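Keep in mind that this is a model prediction, so the values were computed, not measured. Just follow the structure's listing: the first ligand is 1, and inside any ligand the first atom is 1.
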Amino acid sequence: MPRSSSVRVVTALASHGYNAEREAVTLIAGASDPETAIERAVDAAPDDALTLTADHARTAIDATDRAPVFDESSPPETSTIDPDNPSVSTGTRDSPDEAETPSPVETKGSTDGIGAETAAGRSNDPERRSLAVTGDITGRSTGTGTYEDFVRTFRDRYEQLSGMLRSRVNHRPTDAVDAMAGGSDAAIVGMISDIRSTANGHWLVELEDTTGTFPCLIMKDRDLASVVDELLLDEVVAVEGTLAGDGGILFVDDLHFPDVPRNHRPSTADRHVRAALISDVHVGSQEFARDRWSAFADWLHTEAAAEIEYLLIAGDMVEGVGVYPNQDEELDIVDIYDQYERFSEYLKEVPGDMEVLMIPGNHDAVRLAEPQPGFTEELRSIMTAHDARISGNPSMVTVEGVKILMYHGVSLDEVIAELPEAKASYEEPHKPMYQLLKKRHVAPQYGGHIRISPEERDYLVMDEIPDVFHTGHVHKLGYGKYHDVLALNSGCWQEQTSFQRSVNIDPDVGYAPVVDLDTLDLTIQKF
Ligand code: D5M
Ligand code: FE
Ligand code: ZN
């Protein structure tokens, strides 16, 4: 389906106040009269619905026509969590040609220093510390949800990502490829607007650029066919191949992702200093692991933790309200502001001479659409402890020369659902992170779990290569290196919820990953 028609449907629905499921958009865009289908779908959806579902779309289309539905490329895989697997995901070496997998030392938090006030002698010299944030949307959001805004975001995404690929292939715009003679060699850099299998089991990948779209065929019996598993809609790739005899289709020989260059070498700090990278505290939930949290905070006061001068928190400070159905049944604190008050109290347990930085997650009281701005003034006035730095989701945070990309991680659910288990699973949450690095975008596929706010720039593109990529959200601990970038998903401070029990998610609770900023070595501390 051409991008233009799906964007138009999304925009029209947004103007009626609806977010839409991808399938709903596909159905409506494929209807014989999309304009009427949009009006009917809006009528079919209840006024208080936030998301227009495929069912609403079907009801609308049934009323007009029965438009054919495009083949879905591959049905979303539901990842099942194997309860027999160890709960702590281990790092694996996924780029065998380089990159040492870090070998974290897992230790048990000692309770020796409880209450000791910075016995540790943490460096209190602020001159030695440095923490700077770039790529933060806070205060700069301009998106109003119009068609033009969406087009601009996608165009900027294409500009940024195609720029990373242009030097690698001798590409032509799709309209020029259209005019080329059959049998010629050709290359295209485009955004994936459709993936479907043909009657013969080959893969038809439609690429779109600013001049149009072009169908590209990946043959099922080629080695390259396995790459189709990794493709997501809306990501930007480059292909090279040969045009068919009639010039109407490109037979693909090679496919490139924007990727992290293999010669990428991370930057490190000039002195031995460490940072604790955590996420998903979920204060306000009955399952908030207060004892583990307090043990962690106490440990930070001990000599053993003296070199940890930074605490970075990648979203979900509190449990929030109304995030998931029936969530209220498991709330310990029902008022959102009271939750932040309590979170602030827990944060005060952390040594006051640590530098703290926080970004929001999907449970926090900021807009859900990504990029999410940092906490509002009202929430900042509650969370005053430590004079914490607040920035948006995602943010690139440079700590003593080390670039840490912090992103809460809602897209991980999407990548895990779309890709085969070997490439992305809840048990190994660093693997879907590798995919995001490869695609150089924190939330490649529009629709599904992710809400995206259209902005002048696509802030979700990884324009700079991080030295460390830090996410949370899936409540599993996992780490590994991808082309020398340390990918870390940091577990949580919330015991298993009844929803997680029902779907067999066994969260990794009370782990504090600590990165040595001078070496990027990782140590995992268990509480
Ligand atoms: O979500 C933690 C993880 O659990 C994340 O992978 C989503 C999933 N999750 C948790 N609760 C639900 C419900 N009710 N529906 C769907 N998926 C869910 P977090 O948002 O960080 O709590
Ligand atoms: Fe969470
Ligand atoms: Zn979350």
Side-chain angles (χ1 to χ4, degrees), residues 21 50-51 53 76-81 83 87 89 277-289 292-293 312-332 336 339-340 343 346 358-372 375 392-394 406-419 421 424-433 435-436 442-443 448-451 470-478 488-511 513:
E21 288 180 6
L50 294 173
T51 303
T53 66
E77 296 233 5
T78 356
S79 295
T80 45
I81 310 272
S87 65
S89 329
L277 274 48
I278 64 165
S279 66
D280 298 275
V281 190
H282 289 266
V283 171
S285 159
Q286 287 171 10
E287 285 83 19
F288 168 58
R292 296 185 197 275
W293 176 270
L312 308 183
I313 315 180
D316 287 358
M317 310 300 133
V318 300
E319 174 64 7
V321 291
V323 181
Y324 291 126
N326 305 322
Q327 183 204 17
D328 48 334
E329 290 164 18
E330 291 186 56
L331 285 182
D332 180 31
I336 184 84
Q339 292 182 0
Y340 281 100
F343 170 75
Y346 281 111
M358 309 186 260
I359 65 166
N362 58 314
H363 284 253
D364 287 298
V366 303
R367 81 162 184 217
L368 207 51
E370 298 178 9
Q372 293 180 286
F375 300 108
N393 170 41
M406 296 178 67
Y407 170 61
H408 179 60
V410 171
S411 69
L412 297 174
D413 283 330
E414 185 104 11
V415 177
I416 290 169
E418 294 286 336
L419 268 46
E421 197 162 354
S425 70
Y426 286 104
E427 286 309 310
E428 296 181 298
H430 49 288
K431 288 196 175 172
M433 296 177 76
Q435 292 290 331
L436 301 180
V442 298
H449 297 82
I450 300 274
R451 281 199 190 194
H470 174 205
T471 60
H473 181 63
V474 296
H475 293 207
K476 297 295 284 184
L477 176 67
L488 166 72
N489 196 82
S490 52
C492 64
W493 300 86
Q494 181 186 37
E495 306 289 350
Q496 192 181 46
T497 63
S498 52
F499 167 83
Q500 290 166 346
R501 202 163 21 254
S502 73
V503 295
N504 229 352
I505 294 179
D506 185 15
D508 291 326
V509 191
Y511 290 88

Look at [X] and state whether any of its N, O or S atoms is less than 2.8 Å from the Zn ion (ligand 3).
X      : answer
His408 : yes
Ser279 : no
Asp280 : no

Using the rule given for side chain to side chain contact (heavy atoms under 4.5 Å, CB included), can you reason through Leu412 versus Leu436, listing the C-alpha separation, both sets of side-chain angles and the distance that settles it, and then say yes or no?
CA-CA 9 Å; Leu412 297 174; Leu436 301 180; 3.9 Å; yes

Opening angle between OD1 in Asp280 and OD2 in Asp316, taken at the Fe ion (ligand 2), to 10 degrees:
90°

Just how far is it from atom OH of Tyr407 to atom CD of Glu370, taken to the nearest 0.5 Å?
3.5 Å

Would you compute the distance between atom CE of Met317 and atom CH2 of Trp493 and round it to the nearest 0.5 angstrom?
13.5 Å

Strictly distance-based, threshold 3.5 Å: is any side-chain N or O of Asn489 a donor or acceptor partner for the main-chain N or O of Pro429?
no

Expected output: side-chain Glu330 to main-chain Ser498 donor-acceptor under 3.5 Å
yes

Considering non-hydrogen atoms of the protein only, which is the closest contact for [atom], and what is the distance?
atom                    : value
atom 21 (O) of ligand 1 : Asp316 OD2, 2.8 Å
atom 14 (N) of ligand 1 : Tyr324 CG, 3.2 Å
atom 9 (N) of ligand 1  : Phe499 CE2, 3.3 Å
atom 6 (O) of ligand 1  : Asp413 OD1, 2.7 Å

For His473, what is the atom name of its N, O or S atom nearest to the Zn ion (ligand 3)?
ND1

Taking the Zn ion (ligand 3) as the reference point, name the nearest N/O/S atom of Asp316.
OD2

In terms of ring plane angle, is the pair His475 and His282 parallel, tilted or perpendicular, where the classes change at 30° and 60°?
perpendicular

Taking the inter-plane angle between the rings of Trp293 and Phe343 on a 0 to 90° scale, is it parallel (under 30°), tilted (30 to 60°) or perpendicular (over 60°)?
tilted

Taking only heavy atoms of [X], which atoms of ligand 1 are found under 4.0 Å from at least one of them?
X      : value
His363 : 19 (P), 20 (O), 21 (O), 22 (O)
Tyr426 : 6 (O)
His282 : 21 (O), 22 (O)
Asp280 : 21 (O)

Nearest heavy atom to atom 3 (C) of ligand 1 wins, so pick from His475, Gln494, His473.
His473

Identify the heavy atoms of Gln372 and Arg367 that sit nearest to each other, and give their distance.
NE2-O, 2.9 Å

Examine His473 and say whether one of its N/O/S atoms is closer to the Fe ion (ligand 2) than 2.8 Å.
no

Would you say Cys492 reaches the Fe ion (ligand 2) with an N/O/S atom under 2.8 Å?
no

With side chain to side chain contact (heavy atoms under 4.5 Å, CB included) as the criterion, how do Glu287 and Gln496 come out once you've worked through the C-alpha distance, each side chain's angles and the decisive distance to 0.1 Å?
CA-CA 7 Å; Glu287 285 83 19; Gln496 192 181 46; over 6 Å; no

Please check if any side-chain donor atom of Tyr340 sits under 3.5 Å from a side-chain acceptor atom of Asp364, or the reverse.
yes

Apply the test side chain to side chain contact (heavy atoms under 4.5 Å, CB included) to residues Glu319 and Asp332: give CA-CA distance (whole Å), side-chain angles for both, the deciding distance (0.1 Å), then the verdict.
CA-CA 9 Å; Glu319 174 64 7; Asp332 180 31; over 6 Å; no

Counting heavy atoms under 4.0 Å, the part of Gln327 that contacts ligand 1 is neither

